[in-house]
Amino acid sequence: MKLETRNSLTWRRFLPIFVLILFWQCLSSLGIIPRFKLPSPVQVFLGLRDLVELGMPPGHPLHYHILHSLYRVFLGYVFAAMLAIPLGIAMGWSEKLRMLLGPIIELLRPIPPLAWIPLSILWFGIGIKSAAFIIFLGVFFPILLNTTGGVLGIDPVLIEAARTLNASDRDIFFKVLIPGAVPSIMTGMRIGVGIGWMTLVAAEFTGVKQGYGLGYMIMTARDIQRPDEIIAGMLVIGVIGLCIDGGLRLLENHLVRWR
Amino acid sequence: MGLELSQVTKIYSGRKPEENVRVLDRIDFQIRKGEFFSIVGPSGCGKTTLLRIIAGLDQASEGKVLLGGSEVTGIDERMGMVFQEYALFPWRTTIQNIEMGLEMMKIPKKERRSAAMEYIRAFGLDGFENRFPKALSGGMKQRVSIARTLIMNPEVVLMDEPFASLDNQTRNDLQNFLIRVWDKRKDTVLFVTHNVDEAVYLSDRIMVLSERPSEILEIFDINLPRPRDRTSRRSNKIRKKVLELLSRKG
Ligand SMILES: Nc1ncnc2c1ncn2[C@@H]1O[C@H](COP(=O)(O)OP(=O)(O)OP(=O)(O)O)[C@@H](O)[C@H]1O
Ligand SMILES: [Mg+2]
């Protein structure tokens, strides 16, 4: 009974997408949308096949682009999370640290990660380090702010309860502050990964060394006038973003099942 | 090993000296070992403050707290606290909440588990040991909270309006439950409540505090045999006296 409703719900969720594709195909087939401006779904699908089989540029197939992009995001993301979570908890705990770092963070945060590209190239050259650094900047602040907020949101009575049960400061950190902040940390991780993924593709527009990356692939397709492959590339970016978010959401549902 | 308060005074300091709030004024009393001692007083008179000072969560401005003759400074293993809103860790299951204190003391997991399971059975929480607090009723949550404190075998159990947010029926059940548990263990209990009926039903003695700055108005002895009858003439008489004292000052 429960399963049934869930299944039909999933179907119903995808229905608007099917309708949109069908509608789009009809308009293309009737010649209402000129194909050189917006290729039809069938053409986009064929473009996708070319990306997989021939590659763009030729010899650089889609899955390599995906792997390179994912690797860059992963690297920047992991570093950002490893730094932002402990720092965020420390800032939630210590008012002094909040006073000290708060203004600096507020100043740096509104700078778009892409604005760091020139500096990043100056520091790290063009390559994986530079890309990871840009991702890092995009991911770091949402995780940091959410983690700090999560710690500040923990009911002080819980800390006192732990104290009366003889918890040491270490116990409080690991057994109250971290678990208590997990819901906010997960929110930050999800926002962060979304921003990281978007930032990455934009960063790859400005150049990559190895000749791989989804952003780079799309720019190459533009250079040789292949709108079908541009759109196929865009959809791939969207679907991967959706999958990453879905995975994190599963993790979140597991970690905060107590909510 | 009783609890003794000697001239405990608490002043919360404001921005200017004239904004200082004197909450407790030379509170002086003793609780015998194994005694069920209640504190009643008007809202905001400083009952929670007093309990927090005894628990070592807050410091007295003057005076001291002695337990078994030695002064209490800071959190003390010999004391346990039950909070009004349960204060359960929402990310821990029933059993994990109950064994939290043992975990802090680095007791091996197997021992912890079996000790916690005993409490789960004795407290009627069977079948809920792996549930999170969100899945428990208010009465169950408070039983978990009491178990979490009692499993540490504190010499003094401090309870701050533990039943205040429960409905009447659950409250009565838990009062009976608490008295049965206490009757077996004979812990020293310091119980804060708004509810005079509850204090008369449960306590050996009741201390009545005045409005802020709180002083002790009177300490009543309740020499009624247990199990008590909530509506007996003698209960009513004591209740009347306490209520009169409270309304006179409030
Ligand atoms: N940190 C604080 N700083 C300043 N004043 C405080 C502080 N904590 C409590 N007070 C004041 O001390 C008084 C006593 O508070 P307390 O919570 O101890 O009262 P209470 O008797 O427990 O009240 P209730 O019956 O409502 O639980 C209150 O007037 C409160 O405003
Ligand atoms: Mg109170």
Side-chain angles (χ1 to χ4, degrees), chain A residues 2 81 85-86 88-90 92-95 99 143 146-190 248-259, chain B residues 48 51-58 72 74-94 96-107 112 130-136 141 144-154 156-162:
Chain A
K2 208 175 166 189
I85 294 172
I89 291 175
W93 183 235
S94 151
E95 193 174 349
M99 300 287 239
I143 298 185
N146 276 284
T147 304
T148 303
V151 172
L152 289 173
I154 293 173
D155 187 348
V157 158
L158 292 181
I159 294 168
E160 295 198 336
R163 283 249 150 85
T164 63
L165 294 167
N166 305 315
S168 60
D169 280 349
R170 198 191 135 87
D171 290 327
I172 293 196
F173 190 88
F174 284 106
K175 297 186 171 169
V176 181
L177 300 187
I178 292 191
V182 157
S184 309
I185 294 175
M186 283 311 298
T187 306
M189 301 263 285
R190 274 181 58 199
L248 275 181
R249 203 188 302 231
L250 283 180
L251 180 67
E252 180 179 21
N253 286 343
H254 175 74
L255 287 179
V256 294
R257 61 194 185 285
W258 48 268
R259 267 226 165 151
Chain B
T48 298
L51 228 53
R52 286 171 47 86
I53 289 172
I54 297 170
L57 290 168
D58 203 344
V72 175
I75 305 288
D76 195 308
E77 288 179 16
R78 298 173 296 173
M79 236 125 29
M81 179 122 167
V82 176
F83 296 82
Q84 177 177 341
E85 296 292 343
Y86 326 120
L88 297 178
F89 304 108
W91 51 85
R92 289 183 155 243
T93 59
T94 297
Q96 288 169 338
N97 263 289
I98 293 177
E99 64 183 7
M100 174 83 169
L102 299 178
E103 204 175 312
M104 304 295 98
M105 293 180 65
K106 312 270 181 294
I107 308 278
R112 253 163 38 206
N130 294 319
R131 296 299 197 87
F132 290 103
K134 69 162 182 196
L136 306 179
K141 281 186 214 170
V144 175
S145 174
I146 293 170
R148 180 177 72 178
T149 302
L150 293 188
I151 199 171
M152 304 298 284
N153 287 315
V156 178
V157 183
L158 308 169
M159 303 180 107
D160 189 6
E161 306 197 37

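The shown structure was predicted, so the numbers you read here are calculated from the model rather than taken from an experiment. Labels below follow one simple rule: chain letters A, B, ... track the order of the sequence lines, proteins then strands, and each chain is numbered from 1. Reckoned from all heavy atoms, side chains included, excluding hydrogens, waters and symmetry mates.
Side-chain contact between W91(B) and L158(A): present, with at least one pair of heavy atoms (C-beta onward) separated by less than 4.5 Å.
Within residues 159-169 of chain A, the residues having any heavy atom under 4.5 Å from a heavy atom of chain B are, by residue number, E160(A), A161(A), A162(A), R163(A), T164(A), L165(A), N166(A), A167(A). By a heavy-atom distance cut of under 4.5 Å, K175(A), V176(A), P179(A), G180(A) are the residues of residues 175-186 of chain A near chain B, going up by number. Contacts between residues 252-259 of chain A and chain B, defined by a heavy-atom separation under 4.5 Å, are made by R257(A), W258(A), R259(A).
Applying the side chain to side chain donor-acceptor pair (under 3.5 Å) criterion to S145(B), with sequence neighbours excluded, gives Q142(B).
Neither the backbone nor the side chain of L158(B) comes within contact range of chain A; no heavy atoms are under 4.5 Å apart. Of the atoms belonging to R131(B), not a single heavy atom falls under 4.5 Å from chain A.
Among V157(A), D171(A), D155(A), the residue with the largest count of heavy-atom pairs under 4.5 Å with chain B is D171(A). Contact count against chain A (heavy-atom pairs under 4.5 Å) is highest for P90(B) among P90(B), A87(B), G56(B).
Atom CD of E103(B) is surrounded by more than 12 heavy atoms from other residues, nucleotides or ligands within 6.0 Å.
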